[in-house]
Amino acid sequence: MSGYVVLTTTCGVCGKMFHCNPNRVPSKDNQAFCQECVEEANLERVKLGMDAHPIHPEAYKPLPEQELR
């Protein structure tokens with residue numbers, strides 16, 4: 001039998017608690033960022049002519065336990 005892993009943490013920008021995939025969530029210096037904040041930052045980045053930060057399609061979904069690193 002196998003299970004899933006989710007990380008429950010607070011966003012490094014807004015402080016909201018959220019669940020994410022610990023291997024895929026956008027983060028910096030061990031601080032994760034919620035999907036809403038990353039999407040908002042990406043809108044601003046694009047307006048400034050910068051590339052958007054990539055968001056992995058599984059960043060906010062459970063991680064199969066065998067993939068935990």
Side-chain angles (χ1 to χ4, degrees):
M1 184 184 303
S2 64
Y4 291 88
V5 175
V6 293
L7 172 65
T8 301
T9 189
T10 55
C11 177
V13 175
C14 70
K16 178 182 83 174
M17 187 173 284
F18 69 101
H19 303 288
C20 59
N21 176 324
N23 288 355
R24 303 287 187 198
V25 66
S27 63
K28 181 176 181 184
D29 299 328
N30 287 327
Q31 182 61 60
F33 305 107
C34 73
Q35 185 170 359
E36 291 83 5
C37 285
V38 175
E39 289 173 350
E40 186 175 316
N42 280 342
L43 289 174
E44 290 301 313
R45 290 178 63 84
V46 169
K47 284 181 189 175
L48 296 171
M50 302 167 69
D51 291 336
H53 289 294
I55 302 174
H56 192 281
E58 296 174 6
Y60 300 99
K61 296 181 181 178
L63 171 71
E65 68 179 342
Q66 63 272 19
E67 294 178 24
L68 184 63
R69 47 175 183 198

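Heavy atoms only: backbone and side chains are in, while hydrogens, waters and symmetry mates are out.
- The shortest side-chain heavy-atom distance between Arg69 and Asn23 falls under the 4.5 Å cut-off.
- The hydrophobic cluster containing Val38, built from Ile/Leu/Val/Met/Phe/Trp/Tyr side-chain heavy atoms closer than 4.5 Å, also comprises Val13, Phe18, Val25, Phe33, Ile55, Tyr60.
- Counting all heavy atoms, side chain and backbone alike, Lys61 lies closest to Asn21 at O-CB, 3.2 Å.
- More than 12 non-hydrogen atoms from other residues, nucleotides or ligands lie less than 6.0 angstrom from NE2 of His56.
- To the nearest 0.5 Å, atoms CD (Gln31) and SG (Cys11) are separated by 7.0 Å.
- Heavy atoms only, all atoms of each residue included: Ala59 and Cys20 are closest at O-CB, 3.4 Å.
- Evaluation of the side chain to side chain contact (heavy atoms under 4.5 Å, CB included) rule for Pro64 yields Tyr4, Gln66, Glu67 as partners, not counting sequence neighbours.
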Identify every side-chain donor-acceptor pair in residues 42-49 under 3.5 Å, counting partners at least two apart or on other chains, and give the distances.
{"residue": "Asn42", "atom": "OD1", "partner": "His53", "partner atom": "N", "Å": "2.6"}
{"residue": "Asn42", "atom": "ND2", "partner": "His53", "partner atom": "O", "Å": "3.0"}
{"residue": "Glu44", "atom": "OE2", "partner": "Lys47", "partner atom": "NZ", "Å": "3.4"}
{"residue": "Arg45", "atom": "NE", "partner": "Asp51", "partner atom": "O", "Å": "2.7"}
{"residue": "Arg45", "atom": "NH1", "partner": "His53", "partner atom": "NE2", "Å": "3.4"}
{"residue": "Arg45", "atom": "NH2", "partner": "Asp51", "partner atom": "O", "Å": "3.0"}

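- Lys28 is linked by a salt bridge (charged side-chain N to carboxylate O under 4.0 Å, His left out) to nothing, counting only residues two or more places apart in sequence or in another chain.
- Every residue two or more places apart in sequence or in another chain was checked for a salt bridge (charged side-chain N to carboxylate O under 4.0 Å, His left out) with Glu58, and none qualifies.
- Screening residues 9-18 for side-chain hydrogen bond (donor to acceptor under 3.5 Å, both in side chains) gives Lys16-Glu36 as the qualifying pairs, with residues at least two apart or on separate chains.
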